[in-house]
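Structure, as structure tokens:
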Amino acid sequence: MSANPVDLKVTVGTLQFENPFILASAPPTADGNFIRKAFDLGWAGAVIKTVKPDEMSIEDVSPRFGVLRDRKGSVIGFENFELVSKRDTAYWIQEIGKLKKEYPQKVLIASIMADIKEKSWQDLSRAMEAAGADALELNFSCPHGMPERGMGAAIGQDPHISALITGWVKKAVGIPVIVKLSPNVSDIRVIAGAALDAGADALAAINTVQSLIGVDIETFEPLPNVGGFSTYGGYSGLAVKPIGLRCVSQISQGGKIPVHGIGGIGRWQDAIEYITVGAGAVQVCTEVMLNGFAVIQPMLKGLKAYMQRKDINSLSEICGLAAQKMVAHESLSRQTVARAEIVAADACIVCKKCATVCNESGYEAIYAVQDGVRIDQNKCDGCSLCSIVCPRQIIEMKICQG
Ligand SMILES: Cc1cc2nc3c(=O)[nH]c(=O)nc-3n(C[C@H](O)[C@H](O)[C@H](O)COP(=O)(O)O)c2cc1C
């Protein structure tokens, strides 16, 4: 346990945050008063719900959310096809000014989106900068609604347009410009590289993953059901965390590029994972939508206790450490050999799940005996399936060579 007080402050590019937790652009930042509540509870920053040029009209549909539950009923994935901010630019100009006066130590980032016209992006950027925003986040990544009008992911799926718009915005403002990337591309590094080459100061990843959350099998209507029809939405929450981690690890270059990590963060452990793959700070949306702003409190407490236990004074010490250990498949060691081992035979309930899966999806290495199961080490290939399905976690993978 560290004797030194831990410092939760993080720096991403030139922006300094009192802790790594930022509210992502979404319904929890759709109103200045929501942001005030969040700041009072300890959030270090907020990205306001994406603002668009006033002349562009939008109309949301209802319902526009759907969820994926695990077999016990907990929400593990969330889908939305909500559009951008319903508030006009004048509202946000006024609120940004007020919020910055009331909370000078918090970081307020204006998320913006426009059609592919230099003037639209530059007018909006200049207005947000003049209002007092600490930075801009360019939404090149919304997967629904806006791409049909050439915006959102339609921009973020094209490296040339992404670079063009980043360049326009960089010419117009002096505040840092963050580009928010879409995971709905074949190689996120291409878009990230284009944005950085055009002057982006930082990246944010990920926006939602394009999805179809389900189908009503009685009526054959896709969900969410809007008058009998649906559309593809954006998937978020716990289920997308592995996609977010993959994207951040691919674009962070081991922590060298300033990146905001987003996607499925709901516990302090998730934030640590994102930081170790190269995120300087993290943004949170779905967890707050499902449980409120107060989720920050256990996250701050858990993060502090972890840092004390691990003797970490600053999160920069661990930024990118895991990303540096990601290699091509062919570079993975063939010398390391793991084998399944029963570590607590007394706790076995003889459900034989391990034997079933090993004999039907594995290597026929596990067989049942009267009081339990046995593993034939000569047949075990170390795939780990048995340890995954064991309901009592009594099978562990042990390194026996390498
Ligand atoms: C209902 C909803 C609305 C969202 N609206 C926006 C938006 O206006 N602008 C934006 O950049 N991202 C928007 N997002 C995406 C989130 O900011 C975030 O990138 C994504 O949800 C993944 O993070 P999470 O798993 O913590 O939710 C929205 C997400 C949800 C669920």
Side-chain angles (χ1 to χ4, degrees), residues 21 23-24 26-30 34 37-38 41 43 60-82 143-144 183 206-246 261-274 282-303 347-354 356-357 360-361 384-395:
F21 297 107
L23 285 175
T29 59
F34 298 172
K37 254 188 231 169
L41 281 165
W43 291 87
D60 267 317
V61 296
S62 62
R64 53 183 174 273
F65 300 153
V67 294
L68 182 73
R69 295 180 189 274
D70 67 16
R71 303 268 147 82
K72 291 185 180 138
S74 300
V75 173
I76 52 169
F78 190 93
E79 185 190 273
N80 87 89
F81 39 71
E82 176 173 290
H144 46 262
I206 55 173
N207 206 317
T208 52
V209 182
Q210 197 172 42
S211 58
L212 165 54
I213 199 73
V215 172
D216 181 327
I217 60 169
E218 297 306 319
T219 63
F220 310 117
E221 285 159 336
L223 301 171
N225 180 341
V226 183
F229 293 86
S230 195
T231 191
Y232 301 111
Y235 199 38
S236 62
L238 182 59
V240 309
K241 193 179 83 172
I243 301 169
L245 287 174
R246 186 264 296 171
I262 321 171
I265 296 161
R267 304 177 317 154
W268 60 269
Q269 292 94 330
D270 305 323
I272 297 280
E273 286 183 80
Y274 268 96
V282 294
Q283 297 185 16
V284 182
C285 160
T286 301
E287 183 67 22
V288 170
M289 288 185 67
L290 295 173
N291 295 300
F293 293 127
V295 297
I296 182 78
Q297 285 162 349
M299 292 207 282
L300 287 175
K301 203 170 152 208
L303 182 60
C348 179
I349 53 171
V350 204
C351 67
K352 300 182 197 159
K353 252 189 141 177
C354 57
T356 303
V357 299
E360 295 174 19
S361 305
S384 81
L385 185 60
C386 54
S387 67
I388 290 168
V389 300
C390 175
R392 304 299 295 264
Q393 276 121 42
I394 63 159
I395 303 180

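- With values rounded to the nearest 0.5 angstrom, Thr286 atom OG1 is found 12.5 Å from Ile76 atom CD1.
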Next item on the list: Applying side-chain contact (heavy atoms from CB on, under 4.5 Å), run through Gln283 and Ile265 and close with a yes or a no.
Entry: CA-CA 8 Å; Gln283 297 185 16; Ile265 296 161; over 6 Å; no
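- Counting only heavy atoms from C-beta outward, the side chains of Trp268 and Val282 never approach each other to under 4.5 Å.
- Shortest non-hydrogen contact noted between Gly234 and Ser211 is C-OG, 3.8 Å.
- Between the side chain of Tyr232 and the backbone N or O of Pro143, no donor-acceptor pair lies under 3.5 Å.
- The side chain to side chain contact (heavy atoms under 4.5 Å, CB included) check on Asp216 picks up Glu218, Thr219, Leu223, with sequence neighbours excluded.
- Among residues two or more places apart in sequence or in another chain, the side chain to side chain contact (heavy atoms under 4.5 Å, CB included) test is passed with Ile388 by Ser384.
- Scanning for side chain to side chain contact (heavy atoms under 4.5 Å, CB included) contacts around Val75 gives Val67, Arg69, Leu290, with sequence neighbours left out.
- Ring geometry for Phe34 versus Phe293: interplanar angle of 30 to 60°, hence tilted.
- Summarising the geometry of Gly66 relative to Ile213, their closest heavy-atom pair is C-CG1, 4.0 Å, with the distance given to 0.1 Å.
- Closest approach of Pro63 to Val226, counting heavy atoms only: O-CG2, 3.4 Å.
- Looking at residues two or more places apart in sequence or on another chain, you find no ring pair (Phe, Tyr, Trp, His ring centres under 6.0 Å) involving Tyr235.
- By the ring pair (Phe, Tyr, Trp, His ring centres under 6.0 Å) test, Phe65 pairs with Phe78, sequence neighbours left out.
- Taken to the nearest 0.5 Å, the CG atom of Leu212 stands 10.0 Å off from the CD atom of Gln210.
- With contacts defined as side-chain heavy-atom distances shorter than 4.5 Å, the pair Gln269/Ile272 does not qualify.
- The backbone N or O of Asp70 sits nowhere less than 3.5 Å from a side-chain atom of Ser74 that would complete a donor-acceptor pair.
- What you find for Ala239 and Gly77 is that their closest heavy atoms are CB-CA, 4.1 Å.
- Residues satisfying the salt bridge (Lys or Arg N to Asp or Glu O under 4.0 Å) criterion with Glu273, sequence neighbours excluded, are Lys241.
- Nearest heavy-atom pair, Phe21 versus Ala271, reported as atom, atom and distance to 0.1 Å: CE2-CB, 3.6 Å.
- Atom CD1 of residue Ile349 and atom SG of residue Cys390 lie 7.5 Å apart, to the nearest 0.5 angstrom.
- Of all heavy-atom pairs between Pro27 and Met289, the closest is CG-CE, 3.8 Å.
- The OG atom of Ser361 lies 6.0 Å from the CG atom of Leu385; values are rounded to the nearest 0.5 Å.
- Between Cys285 atom SG and Ile262 atom CD1 the span is 9.5 Å, to the nearest 0.5 Å.
- With respect to Arg64, the side-chain hydrogen bond (donor to acceptor under 3.5 Å, both in side chains) criterion is satisfied by exactly one of Glu82, His144, Glu79: Glu82.
- Rounded to the nearest 0.5 Å, atoms OG1 (Thr29) and CG (Leu23) are 6.5 Å apart.
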